[in-house]
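Worksheet: the structure to be examined is printed underneath.
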Amino acid sequence: MLNLPTPPTALLAEVAEQCAQPVAEELHTLSREVHARFGDALSAVLFYGSCLRSGDPTEGLVDLYAIVDDYSTAHSSLLLRVANAWLPPNVFHLQTLTTDGRSLRAKCAVLSLRDLERGTACWFQSYLWGRFAQPSRLVYRRDEHVEQRIHRALARAAMTLIGQTLPCQPERFDSETLWQRALALSYGTELRPEAADRPTQLVRHDSAHYRRLTQAAVPAIAGMEPIAGETDAYRNLLSPAACRQNARRWRLRRVQGRILNVARLVKSFFTFENGVDYVVWKLERHLGQPIEITPRLRRFPLIFGWPLLWRLLKERRLH
């Protein structure tokens, strides 16, 4: 059994309310496709990302997480099972049509429920707790027990992100400052094509939710206290030594996170359907320029793909 912290009741309530908000019918169509792929191994389907914020899943690529019981029952291939366990998540592309003939496209990551719980509470890297501290919707869950475990994992993601970024906050701050700095730190550990003001945009898009989330989480965050008599104002009580130590941890996360990002891209050559096309699409987003898929790149991606990955690392080091 995992020995994980219990989130405050108010925080669980805020997460549950977010998860339960209705989604477009197109999301249920995609969820049924995911269910058809994984069958009884599927525990839940989570929806997050840019299409959630825009409200239109037919514009762009929908971001989904398929939460499965375990990798051995989710995948028939030994390669997929091992890859998902050693460097989660695996990712696959999903495309289907709506009832009126419009195309739906999704990028679906596969993660076990246990890894979701551990990754949002215990992992050093912010890959999961940085993502799931942000709003998401529970499109499908097998039963109430799974739903409660999902809610606790998402609440712990918020607790972890706030706790790990508190030492980098000023002595006095509000929820907007807190989350902008927190998301900037988390995004900085990945090879992402986001603009520098992306964290500000994300927080301001749903500022009321982040304000409630902060208020609900603060009782569980050591070294953080609300300022009496003020609304949405908090104080950082951590020592300068603790703050310096935490800054070193974030520098290490940046190095580790970018290496893991490249490793996941390399893994995609083997585990992603049409893996070369997917990796090139990812690299084009990161580099901001088209990439030609030559016959030799398609045939020998691990030999002729390294110059592209090196360009990606070099570009991101400059930012």
Side-chain angles (χ1 to χ4, degrees), residues 1-5 31 33-49 63-94 106-133 136 138-143 145-154 156-157 160-161 186 189-192 252-253 255-276 278-279 282 301-302 305 309:
M1 292 292 293
L2 297 175
N3 184 21
L4 301 174
S31 180
E33 292 290 325
V34 176
H35 200 284
R37 185 183 183 107
F38 294 107
D40 294 339
L42 185 68
S43 297
V45 176
L46 281 162
F47 169 42
Y48 73 104
D63 290 298
L64 299 176
Y65 258 81
I67 308 302
V68 298
D69 292 331
D70 57 69
Y71 303 127
S72 62
T73 56
H75 301 299
S76 58
S77 161
L78 176 61
L79 172 63
L80 292 179
R81 292 199 296 268
V82 171
N84 220 155
W86 283 4
L87 187 60
N90 282 3
V91 181
F92 68 94
H93 181 259
L94 184 63
K107 174 171 65 69
C108 187
V110 184
L111 191 71
S112 72
L113 184 52
R114 180 181 174 87
D115 275 349
L116 175 67
E117 291 173 322
R118 289 176 55 85
T120 52
C122 305
W123 286 3
F124 177 77
Q125 189 51 241
S126 65
Y127 188 86
L128 287 181
W129 40 268
R131 275 171 174 73
F132 286 116
S136 57
L138 191 54
V139 182
Y140 164 81
R141 90 289 191 273
R142 179 192 297 140
D143 52 40
H145 177 64
V146 168
E147 182 177 40
Q148 291 170 3
R149 290 178 67 179
I150 296 284
H151 289 167
R152 288 194 291 268
L154 301 187
R156 291 188 195 103
T160 306
L161 184 63
S186 179
T189 66
E190 298 187 38
L191 298 169
R192 302 176 68 107
L252 180 57
R253 282 191 182 100
V255 175
Q256 181 200 51
R258 295 182 176 198
I259 292 171
L260 290 175
N261 265 215
V262 171
R264 287 187 176 98
L265 284 174
V266 172
K267 186 184 76 168
S268 298
F269 284 131
F270 301 99
T271 62
F272 199 93
E273 297 158 8
N274 300 318
V276 172
Y278 170 71
V279 173
K282 291 278 286 185
L302 284 185
L309 295 175

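Source: prediction; values computed, not measured. Start at 1 with the first residue, then count along the sequence.
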Please name all residues satisfying side chain to side chain contact (heavy atoms under 4.5 Å, CB included) with [X], sequence neighbours left out, ordered by chain then number.
X	result
Thr189	Gln125, Ser126, Trp250, Arg253, Arg254
Ala106	Leu30, Val62, Leu64, Leu94
Ala74	Phe38, Ala41, Val68
Leu252	Phe124

Closest approach of [X] and [Y], non-hydrogen atoms and distance?
X	Y	answer
Thr120	Thr160	O-OG1, 2.8 Å
Asp115	Trp123	O-CZ2, 4.1 Å
Leu161	Ala133	CD2-CB, 3.7 Å
Ile67	Leu116	CD1-CD2, 4.2 Å
Gly119	Trp129	O-CD1, 3.1 Å

Backbone N/O of [Y] and side chain of [X]: donor-acceptor pair under 3.5 Å:
X	Y	value
Lys267	Pro89	yes
Arg81	Ser76	yes
Arg156	Cys122	no

Under the side chain to side chain donor-acceptor pair (under 3.5 Å) test, residues paired with Asp63 that sit two or more places apart
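Counting only residues at least two positions away or on another chain, Asp63 forms a side chain to side chain donor-acceptor pair (under 3.5 Å) with Lys107.
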
Which distance, rounded to the nearest 0.5 Å, do you find between the OG of Ser31 and the CG of Leu138?
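Rounded to the nearest 0.5 Å, the OG-CG separation comes to 9.0 Å.
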
Distance check, rounded to the nearest 0.5 Å: Cys108 atom SG versus Arg37 atom CZ?
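So the SG of Cys108 and the CZ of Arg37 are separated by 8.0 Å.
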
Quick test of your reading of the model: are Glu190 and Arg131 salt-bridged, counting only N-O distances below 4.0 Å?
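Salt bridge flag = yes for Arg131 with Glu190.
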
Verify the distance criterion only: is there a donor paired with an acceptor across the side chains of Tyr71 and Asn90 at less than 3.5 Å?
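Asn90 and Tyr71 do not have a side-chain donor-acceptor pair below 3.5 Å.
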
Examine the side chains of Ser43 and Asp69 and answer whether a donor and an acceptor come within less than 3.5 Å of each other.
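Yes - a donor-acceptor pair under 3.5 Å links their side chains.
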
Which of parallel (below 30°), tilted (30 to 60°) and perpendicular (above 60°) describes Tyr48 and Phe132?
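If you compare the ring of Tyr48 with that of Phe132, the planes turn out tilted.
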
Which residues satisfy the ring pair (Phe, Tyr, Trp, His ring centres under 6.0 Å) test with Tyr127, sequence neighbours excluded?
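By the ring pair (Phe, Tyr, Trp, His ring centres under 6.0 Å) rule, Tyr127 matches no residue at all.
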
Any heavy-atom pair between the side chains of [Y] and [X] that's under 4.5 Å?
X	Y	value
Leu87	Arg264	yes
Val82	Leu78	yes
Arg141	Ile150	no
Leu111	Leu128	yes

Start with the C-alpha distance between Val110 and Leu80, add both sets of side-chain angles, then the distance that settles side chain to side chain contact (heavy atoms under 4.5 Å, CB included), and finish with yes or no.
CA-CA 10 Å; Val110 184; Leu80 292 179; over 6 Å; no

